[in-house]
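Since the structure comes first, as structure tokens, the remarks are kept for the end.
For clarity, every value in this text was computed on a predicted model and none was experimentally measured. One is the number of the first residue; the rest follow in order along the sequence.
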Amino acid sequence: MMIIYLNGEERQVPAGTSLPELIGQLELDPRGVAVERNREIVMKSHWDQTILAEGDQLELVQFVGGG
């Protein structure tokens, strides 16, 4: 296990967790999520290659539609 910071809160995740795996664990729809890792936006085209590391600081923003 390793510690990351997700939207300012400490969270434990298995070592080697990828960004898509984390989004799946959080039960978020990846089509409506934007991700910042260590103060840099992660383009969706790079999500599959993004493996989380100890101490990563992530900000996830979920877009919600409405009317």
If you group Ile, Leu, Val, Met, Phe, Trp and Tyr by side-chain heavy-atom gaps below 4.5 Å, do [X] and [Y] land in one group?
X   : Y   : value
V33 : I41 : no
L58 : I51 : no
L19 : L26 : yes
I3  : V35 : no

Can you name the nearest heavy-atom pair linking [X] to [Y], along with the distance?
X   : Y   : result
Q25 : P14 : NE2-CD, 4.4 Å
R11 : L22 : NE-CD1, 4.2 Å
R31 : K44 : O-NZ, 3.3 Å
W47 : P20 : O-CD, 3.2 Å
D29 : Q62 : N-NE2, 4.3 Å
R37 : D56 : NE-OD2, 2.8 Å

**OP:** Please confirm whether the backbone N or O of V13 pairs with a side-chain atom of T17, one donor and one acceptor, at under 3.5 Å?
**Re:** no
Can you measure from [atom1] ([X]) to [atom2] ([Y]) and round to the nearest 0.5 angstrom?
X   : Y   : atom1 : atom2 : answer
Q57 : Y5  : CD    : OH    : 7.5 Å
M1  : E54 : CE    : CD    : 10.5 Å
Q12 : L6  : CD    : CG    : 13.5 Å

Original post:
How about E9: does its CD atom have over 12 heavy atoms from other parts shown lying under 6.0 Å from it?
Top reply: no
**OP:** Output all residues satisfying salt bridge (Lys or Arg N to Asp or Glu O under 4.0 Å) with D48, sequence neighbours left out; order by chain, then residue number.
**Re:** none
Subject >> Set of residues satisfying salt bridge (Lys or Arg N to Asp or Glu O under 4.0 Å) with respect to R39, sequence neighbours excluded >> reply: none
